[in-house]
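Here the structure is laid out as structure tokens; the discussion comes afterwards.
Note that the structure is predicted; figures quoted are calculated from it, not measured. Positions are given from 1, in the same order as the sequence printed here.
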Amino acid sequence: MNSVAVFHKGEEMKSYITGKVLMIRPVHFAYNEETAVNNYYQKKDLKSPKEIQEEALKEFDTMVEVLRKNKVEVKVLEDRLQPYTPDSIFPNNWFSSHENGTVVLYPMFAENRRLERREEIYELLDENQVNILDYSKLEEEEVYLEGTGSLVLDRKNRKVYCSLSQRADERLLDIFCQDLAYEKIAFHSYQTVQGKRKEIYHTNVMMSVGEKFALLCAEAIDKREERERVIASLEEDGKEIIFITEEQVEHFLGNALEIRNAEGVHLCVMSLSAYQILTEEQKQILEKYVVIVPVRVSTIEKYGGGSARCMLEELY
């Protein structure tokens, strides 16, 4: 669905909702064997790497076009032919930028994802304000925390929601919270894989926090006390919670991001598959706060195990 959203007059934006995003244009997007060991959303078939790359590139270019038509500032960096980085289309996992000028570099679980780091990102930011906080050396100790995949940030209320997993170490989460002055809301979330409950690899698959709303798969949080704490925290901050199901998580409904455009309009970017599985009631709640912008990224979802939010790195 590539139509341009109908704009409404937006209210004045705060700095914690960004109007600028970075996207990495792929040159060899593919099914990544290294990440598939704990990303159960990835699917493998007999399609050739060339076919997968060509389809992913079309989806990427169309998504950029849709965002720009909706008056979002999109910075595009071309991926490099070398080194081989099949998941470079998901830049939000290896770095994040923040309102105070801090750029955080994160330790990555998959060795071939560590090769995605590149200094060109600093050219997109105000060099006079960039303060680099580098956690990436902790890869040597097998300690991982994969950016805003692992961390769902409520920048306004200084809270970070984190589903602990092999890719989200609580010790480093505590350091992040201390360094950037965030309150930790940690928990465990699960999905059913061949009849067994397995940890969800990234928090941003099962929840998204906007300015005035949150998408949350509460049923994925098996421990009642953890589930109740997450819900209470969101309600405490006045968020209207849109509860989503595990089936909707499988269609990447949790992998959405609120941004703003040049006219100050709030947008919620999600995949077409996520949009199509929204109920009418859920859609009506969302549309009280945002204009929904669906983008078709089915190939990227299938082989990469990530969706629209993962493709967007917020720039401050």
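By the 4.0 Å N-to-carboxylate-O rule, E99 lies close enough to R155 to be salt-bridged with it. Salt bridge present: D45 and K302 bring a charged side-chain N and a carboxylate O closer than 4.0 Å. Using a 4.0 Å cut-off between a side-chain N of Lys or Arg and a carboxylate O of Asp or Glu, K239 and E211 do not qualify as a salt bridge.
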Show the atom names and distances, to 0.1 Å, of all donor-acceptor pairs under 3.5 Å that link a side chain in residues 138-145 to residues at least two apart or in another chain.
{"residue": "E139", "atom": "OE2", "partner": "M108", "partner atom": "N", "Å": "2.8"}
{"residue": "E139", "atom": "OE2", "partner": "R117", "partner atom": "NH2", "Å": "2.2"}

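The hydrophobic cluster containing L115 does not contain Y135, counting ILVMFWY residues as joined when their side-chain heavy atoms lie under 4.5 angstrom apart, directly or transitively.
For Y41 and F252, the ring centers are positioned less than 6.0 Å apart. Taking the ring centroids of Y289 and H266, they lie at or beyond the 6.0 Å cut-off.
Between F176 and Y106, the angle of the ring planes lies from 30° to 60°, which puts this pair in the tilted group.
Judged by distance alone, the side chains of E236 and S233 never bring a donor and an acceptor atom under 3.5 Å apart. Judged by distance alone, the side chains of E199 and Q191 never bring a donor and an acceptor atom under 3.5 Å apart. No side-chain donor from either of T148 and E314 sits under 3.5 Å from a side-chain acceptor of the other. Side-chain contact, E301 with S307: a donor N or O sits under 3.5 Å from an acceptor N or O. Side-chain contact, H202 with E146: a donor N or O sits under 3.5 Å from an acceptor N or O.
Here salt bridge (charged side-chain N to carboxylate O under 4.0 Å, His left out) pairs that include residues 264-281, with residues two or more places apart or in two chains, are E280-K283.
Taking 4.5 Å as the limit, some side-chain heavy atom of L267 sits within range of a side-chain heavy atom of N261.
Of the options K58, K47, E55, a side chain to side chain donor-acceptor pair (under 3.5 Å) to T299 is made by E55 and by none of the others.
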